[in-house]
Amino acid sequence: MNRQRGVTLMELMIVVAIIGILAAIAVPSYQQYTRRAQRGDAQQVMMTISSKQQQYLLDARQYTEILDGSGLNMLTGDNKWVCGSTAAAGCANAFYTITVAANNAATPPTFTITATPKTAQASDGTLTLTSTGVKQRLVGGVDKGW
């Protein structure tokens with residue numbers, strides 16, 4: 001008697017269902033991981049800006065809102081951040097726009113660095129860092145922490 005060997009349609013459907021379940025679990029986790037990685041990149045740029053602001057304060061006795069070569073001289077190399085020559089331009093990549101608001105009339109002068117999310121990153125919230133070191137990530141008006 002000849003036995004046919006092969007995969008039945010039922011076995012194939014079970015394998016497809018298992019792959020679908022695994023994909024349904026993996027895709028949201030991957031998206032969350034990439035959002036967290038992009039947030040970390042923005043936080044790193046914000047910390048660099050904060051450090052450069054402290055150096056700028058020592059030299060100019062005030063903070064600046066300009067992030068390109070005429071201000072903090074933020075480099076735009078491999079990390080794909082592009083910094084403009086105006087305060088409104090700030091530094092931007094595909095996921096965030098980072099701007100600085102300086103208050104040099106205050107005693108002592110202060111600044112606030114804000115990273116506004118774009119596109120799919122928007123659900124991750126707005127990041128802020130102040131001259132006093134206060135860090136926030138506001139999602140729907142609630143601080144979710146850095």
Side-chain angles (χ1 to χ4, degrees), residues 7-146:
V7 178
T8 66
L9 181 59
M10 185 60 75
E11 292 169 334
L12 183 60
M13 294 304 290
I14 290 171
V15 169
V16 168
I18 291 171
I19 291 172
I21 291 169
L22 291 174
I25 294 170
V27 169
S29 295
Y30 177 74
Q31 290 172 336
Q32 182 180 4
Y33 171 77
T34 57
R35 273 194 298 274
R36 194 171 59 227
Q38 296 303 331
R39 181 185 345 132
D41 188 31
Q43 290 168 335
Q44 180 181 8
V45 171
M46 292 171 75
M47 294 299 287
T48 301
I49 292 170
S50 177
S51 176
K52 287 186 176 226
Q53 283 283 33
Q54 300 305 330
Q55 293 171 349
Y56 194 89
L57 178 66
L58 292 174
D59 292 339
R61 303 283 187 225
Q62 65 179 0
Y63 292 119
T64 184
E65 297 177 343
I66 309 299
L67 300 177
D68 75 344
S70 63
L72 293 181
N73 198 24
M74 291 295 295
L75 299 177
T76 57
D78 297 334
N79 59 11
K80 298 187 178 149
W81 287 92
V82 177
C83 299
S85 60
T86 64
C91 287
N93 71 0
F95 303 99
Y96 283 97
T97 299
I98 298 176
T99 56
V100 177
N103 182 359
N104 291 311
T107 305
T110 62
F111 67 83
T112 301
I113 304 167
T114 304
T116 307
K118 301 179 191 177
T119 63
Q121 197 71 22
S123 64
D124 200 43
T126 302
L127 304 170
T128 57
L129 173 62
T130 66
S131 54
T132 59
V134 175
K135 302 172 185 175
Q136 286 186 322
R137 179 172 62 104
L138 294 177
V139 180
V142 178
D143 185 10
K144 298 289 187 174
W146 262 40

**Prompt:** What are the two closest heavy atoms between K135 and L129, and how far apart are they?
**Reply:** CG-CD1, 3.6 Å

**Request:** Say whether, by atom type as modelled, one donor and one acceptor occur between the side chain of E65 and the main chain of T86 under 3.5 angstrom.
**Result:** no

**Complete:** Here the gap from T99 atom OG1 to I49 atom CD1, rounded to the nearest 0.5 Å, amounts to 9.0 Å

**Message:** Applying salt bridge (charged side-chain N to carboxylate O under 4.0 Å, His left out) to R39 and D124, what does each step give before you reach the verdict?
**Reply:** CA-CA 8 Å; R39 181 185 345 132; D124 200 43; 2.6 Å; yes

**Request:** Only counting residues at least two apart or in another chain, list the ones meeting ring-ring contact (aromatic ring centres under 6.0 Å, His included) with Y96.
**Result:** none

**Item:** side chain to side chain contact (heavy atoms under 4.5 Å, CB included) assessment of T64 paired with V100
**Value:** CA-CA 8 Å; T64 184; V100 177; over 6 Å; no

**Message:** Please determine whether the number of non-hydrogen atoms from other residues, nucleotides or ligands lying under 6.0 Å from atom NZ of K144 exceeds 12.
**Reply:** no

**Asked** Looking at L57, T112, T110, which hits side-chain contact (heavy atoms from CB on, under 4.5 Å) with S131?
**Response** T110

**Asked** How far apart are the closest heavy atoms of V7 and L12, and which atoms are they?
**Response** CG1-N, 4.0 Å

**Closest heavy-atom pair and its distance - C83, D68** = O-CB, 4.0 Å

**Request:** Say whether, by atom type as modelled, one donor and one acceptor occur between the side chain of S51 and the main chain of T48 under 3.5 angstrom.
**Result:** no

**Request:** Begin from the C-alpha positions of T128 and T130 and carry the test side chain to side chain contact (heavy atoms under 4.5 Å, CB included) through to its verdict.
**Result:** CA-CA 7 Å; T128 57; T130 66; 5.6 Å; no

**Request:** Can you establish whether the number of heavy atoms outside Q44 located under 6.0 Å from its atom CD is more than 12?
**Result:** no

**Item:** Euclidean distance, I19 CD1 relative to I14 CD1, rounded to 0.5 Å
**Value:** 12.5 Å

**Asked** Would you find a donor on one side and an acceptor on the other, under 3.5 Å apart, between the side chain of D143 and the backbone of R137?
**Response** yes

**Message:** Distance check, rounded to the nearest 0.5 Å: Q43 atom CD versus S50 atom OG?
**Reply:** 13.0 Å

**Asked** Can you list the steps and then say if W146 with M46 is a side chain to side chain contact (heavy atoms under 4.5 Å, CB included)?
**Response** CA-CA 12 Å; W146 262 40; M46 292 171 75; 4.0 Å; yes

**Fill in**
Between the CD atom in Q38 and the OH atom in Y33, the distance rounded to the nearest 0.5 Å is 10.0 Å

**Prompt:** Taking all atoms of both residues into account, what is the closest heavy-atom pair of A115 and I98, and its distance?
**Reply:** CB-CG1, 3.8 Å

**Prompt:** How close do P109 and N104 get, heavy atom to heavy atom, and via which atoms?
**Reply:** CB-OD1, 3.7 Å

**Item:** Atom of K52, atom of N73 and distance for their closest heavy-atom approach
**Value:** NZ-O, 3.3 Å

